[in-house]
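Let me begin by presenting the structure, written as structure tokens, before commenting on it.
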Amino acid sequence: MFDTLSDRLTSVLQNLRGRGRLSDADIDATAREIRIALLEADVALPVVRTFIANVKERAKGAEVSGALNPAQQVVKIVNEELVGILGGETRRLSLAKTPPTVIMLAGLQGSGKTTLAGKLAKHLVGQGHTPLLVACDLQRPNAVTQLQVVGERAGVPTFAPEPGNGVGDPVDVARRSIEEAKRAQHDIVIVDTAGRLGVDEEMMRQAADIREVVQPDEVLFVVDAMIGQDAVSTAEAFRDGVGFTGVVLTKLDGDARGGAALSVREVTGQPIMFASNGEKLEDFDTFHPDRMASRILG
Ligand code: GDP
């Protein structure tokens, strides 16, 4: 992902190399090229507008003297603005003062929530935590078993409704899981919730009800970076319907253009906290805006 965007931006910025002073017209022309590259990569229009306006203003006002030549100065500005739209600093999980910390996952079906639950659990075990996975996706037939499988791989237990007890009420499972976590001294609870293929009211209501019951410290909105422009509208729907405190980008190993996923932070105001780039539990990392910007700018 981001290869085309990366190639385009790198070549636009390379065109400036070896130039002396940059006139306002040079900066405008460069900004136009960057604008096209961002739009072609699916970055949301309002995000592109702000980005370009900031780059132009800063590039035109930049001091010519100093250690950097004009081209390097523009590269630096573009890099800083990119880090800015990606959220600036890395945002860590906020942990509850009194355990357990509750992390709820929300997102469309197929976005990678269940896989992510395993990845996050493994990551947290590596940091010395004792997470409990909670199966509140009782709609998709294999979701509970799938969560139990990733849990086993991550070496953590899964709290799920007992087999034979019918489908079960996800809100009730969520409520009981917190009691179980306290009883068995799990310091973190990761609640997997149901998603649908598209945004729908009932799913939103159920997620909102679970949120109400577990009072999570973090609600992570999990979004498949491969869905392109829909990533932004889906994020807005979840922000309004459930609310979230952070974003997880999944399937960054895919070949989509990726710009929409890069817009989610700026559009929703919530930080991208983790990124997934494969199906294995290890294909996961904390999201670092500066590293992502460097990767994109080559
Ligand atoms: P859920 O419906 O939101 O719980 O989504 P799942 O966790 O079941 O994931 C849906 C599909 O996407 C599964 O086949 C996963 O193996 C796959 N998947 C999840 N995360 C990634 C990722 O980062 N990269 C790739 N390539 N596939 C992923």
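Because the structure is predicted, anything quoted here is derived from the model rather than measured. Read the numbers this way: they start at 1 and go in the same order the structure lists the ligands and their atoms.
Aromatic rings from F159 and H186 are positioned such that their centres are separated by 6.0 Å or more. Between F238 and F244, the gap from one ring centroid to the other reaches at least 6.0 Å.
Side-chain atoms of Q72 come within 3.5 Å of backbone N or O of N69 as a donor-acceptor pair.
Below 4.0 Å from some heavy atom of K119 lie the following atoms of ligand 1, by number and element: 23 (O). Atoms of ligand 1 lying under 4.0 Å from any heavy atom of Q109, numbered from 1 in the order shown and given with element: 2 (O). Atom numbering of ligand 1 starts at 1 in the shown order; those under 4.0 Å from a heavy atom of R140 are 1 (P), 2 (O), 4 (O), 8 (O).
Here the protein heavy atom with the shortest distance to atom 12 (O) of ligand 1 is K251 NZ, 3.2 Å. Nearest protein heavy-atom contact of atom 16 (O) of ligand 1 is E279 OE1, 2.6 Å.
Within the structure, ligand 1 has D253 among the residues with a heavy atom less than 4.0 angstrom away. Distances shorter than 4.0 angstrom occur between a heavy atom of L108 and an atom of ligand 1. Within the 4.0 Å heavy-atom cutoff, M226 does not count among the residues contacting ligand 1.
Using a 3.5 Å distance cut-off with no hydrogens or angles, the side chains of T115 and E279 do not pair a donor with an acceptor.
Atoms CG and CG, on L82 and N54 in that order, are 12.0 Å from each other to the nearest 0.5 Å.
Looking at K113 next to ligand 1, an N or O pair under 3.5 Å apart turns up.
For atom 10 (C) of ligand 1, the choice among A106, G110, A275 with the nearest heavy atom turns out to be G110. When the heavy atoms of G278, G195, S276 are ranked by distance to atom 22 (C) of ligand 1, first place goes to G278.
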